[in-house]
There are 2 protein chains.
Amino acid sequence: MGLRERKKEKTRLAILDAALDLFLEQGYESTTVEQIAGAVDISPRTFFRYFTSKDHLVLWFHDHGEETMLETLASRPPDEPPFTALMHALRAVLADVREGTPQEHARFLKLRRILDENPRLIGQSVARGTATERRLAEVVAARRGASADDDQLSHLIVAFAMSTLRVGFECPRRDGDMSEITARMAESIELAERSLRPGWDLA
Amino acid sequence: MGLRERKKEKTRLAILDAALDLFLEQGYESTTVEQIAGAVDISPRTFFRYFTSKDHLVLWFHDHGEETMLETLASRPPDEPPFTALMHALRAVLADVREGTPQEHARFLKLRRILDENPRLIGQSVARGTATERRLAEVVAARRGASADDDQLSHLIVAFAMSTLRVGFECPRRDGDMSEITARMAESIELAERSLRPGWDLA
DNA sequence: TGACATCTGTCACACTGTGACAGGAAGGTT
DNA sequence: AACCTTCCTGTCACAGTGTGACAGATGTCA
């Protein structure tokens, strides 16, 4: 990894951290891109070369999560029931979060607080999730030997799995610490697994 | 209902219809608010007094659906299992769509095509859904004699129900007619009911 | 008809996001 | 070290969304 890429990554994180702090100080809406750019001494135009939009800042983790899910899903044995495979993917995301550096934990907690204070952003986060769902549905449909276009069950399996993740992520109280949050997410996964009829995702 | 309200409703629908047609002709992104306003001979400023944003146009039906769901849910017997009650609410939404006037059907079909061509808008639609989910979760939690803050299962029940609706709505092929779409939605509801373990929402 | 609330258009504006272009920094090549 | 190439950054200009303030038009009710 060359100097160029390292510098880029550093700038990226600097923007993110500055933005999260500003959002917590003054609120999301009342913080402008100009301020964020100013805080890390770049031009507003450059900001948009690192993040495609102001909202995109908040979806930072989401992109990582999606990647993890797709990778994990691909690595699961092909004969494993699809929903089970997805639950493993969820646990992988959870493990990623838990095993992060203290810095990453801090970012994660800040992000949760911001999302909690700005319901609109939760919406945006979910909105991005629909793109992920489409891709996951393709993979699940392939596993089931069907086409994602016809097979409603593939979509339902994925939708249920993503719901599980969301509930675990959003549900904890705003003052929860890292261990409480991950515990909630784990709890949500177990809840979902208990709720579904065995073999429902094979029919 | 006075003249004022009737006129308002008429303008509202005129804006909506003009917008849907423009979106289908030229695409969502390349249609401006100015054009929409021009098509119905109002000022752009006035447009924003009827719809809070350009996106809001597309969420028109969503607002109706939410209302129907909350009303239906309130009218179901209190001792009915929550997920069952929600499935009834879903069927009520479906019935509303099916029983609409031909004009309303036309709007519905146009809207579906627009959503299908603009994935970003599906996201927005889902995003709005999160607000609905919160309210529904409150009601479900109350039914379960719990607080929505603590009870993850309430959130999961609602999330699963909304997933069911979404899958039914999004899944049909873009060229489907009204009867095919409603059939798909009904199918999705039955699929969900079959998939869950009896009594899972009572624990 | 007159008093009142509500709706509408105009003007002005802040903010997000994008395209085009020119200068500068990183990387590899000789 | 000098060179060229490629990518990154800042500046300028701009389209488009969305909002606040105010004045005038329109519906409502007495």
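A note on names: the letters A, B, ... follow the listed sequences, proteins ahead of strands, and every chain is numbered from 1.
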Within residues 124-131 of chain B, residues whose heavy atoms come under 4.0 Å of DNA chain D: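 Under 4.0 Å from DNA chain D: no residue of residues 124-131 of chain B.
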DNA chain D-proximal residues of residues 21-48 of chain B, any heavy atom under 4.0 Å: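 Result for residues 21-48 of chain B: B:Thr31, B:Thr32, B:Val33, B:Arg45, B:Phe48, sorted by number.
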Residues which pass side chain to side chain contact (heavy atoms under 4.5 Å, CB included) with A:Glu71, listed by chain and number, not counting sequence neighbours: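 Scan of A:Glu71 (side chain to side chain contact (heavy atoms under 4.5 Å, CB included), adjacent residues dropped) gives A:Glu67.
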Rounded distance [0.5 Å steps], CZ in B:Arg112 versus CD1 in B:Ile122: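 Between B:Arg112 CZ and B:Ile122 CD1, I get 8.5 Å after rounding to 0.5 Å.
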Under the salt bridge (charged side-chain N to carboxylate O under 4.0 Å, His left out) test, residues paired with A:Lys110 that sit two or more places apart: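 A:Lys110 satisfies salt bridge (charged side-chain N to carboxylate O under 4.0 Å, His left out) with A:Asp21 only.
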For B:Arg144, salt bridge (charged side-chain N to carboxylate O under 4.0 Å, His left out) partners two or more places apart: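 Scan of B:Arg144 (salt bridge (charged side-chain N to carboxylate O under 4.0 Å, His left out), adjacent residues dropped) gives B:Asp151.
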B:Arg76, CZ: over 12 other non-hydrogen atoms inside 6.0 angstrom: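 Enclosed: over 12 neighbouring heavy atoms sit under 6.0 Å from CZ of B:Arg76.
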Determine which pairs satisfy salt bridge (charged side-chain N to carboxylate O under 4.0 Å, His left out) with at least one residue from [range], sequence neighbours left out, and list them in order.
| range | result |
| --- | --- |
| residues 83-99 of chain A | A:Arg91-A:Glu193 |
| residues 7-18 of chain B | B:Asp17-B:Arg107 |
| residues 27-49 of chain A | A:Glu29-A:Arg120 |

Check: A:Leu191 main-chain N/O paired with A:Ser195 side-chain donor or acceptor under 3.5 Å: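 Side chain of A:Ser195 to backbone of A:Leu191, a donor-acceptor pair under 3.5 Å: yes, one is there.
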Test ring pair (Phe, Tyr, Trp, His ring centres under 6.0 Å) applied to B:Phe23 - qualifying residues, sequence neighbours left out: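 Result, ring pair (Phe, Tyr, Trp, His ring centres under 6.0 Å) vs B:Phe23: B:Tyr28.
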Pairs where residues 135-166 of chain A contributes a residue and the test ring pair (Phe, Tyr, Trp, His ring centres under 6.0 Å) is met, not counting sequence neighbours: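 Matches after skipping sequence neighbours: A:Phe160-A:Trp200, A:Phe160-B:Phe160.
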Pairing of A:Glu66 and A:Arg128 as salt bridge, 4.0 angstrom limit: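 No, A:Glu66 and A:Arg128 are not salt-bridged.
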Within residues 49-60 of chain A: residues closer than 4.0 Å to DNA chain C (heavy atoms):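 Within this stretch, A:Arg49, A:Thr52, A:Ser53, A:Lys54 sit under 4.0 Å of the strand.
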Reading 5' to 3' through nucleotides 24-30 of chain C, protein heavy-atom contacts under 4.0 Å coded B for base, S for sugar-phosphate only, - for none: -BBS---
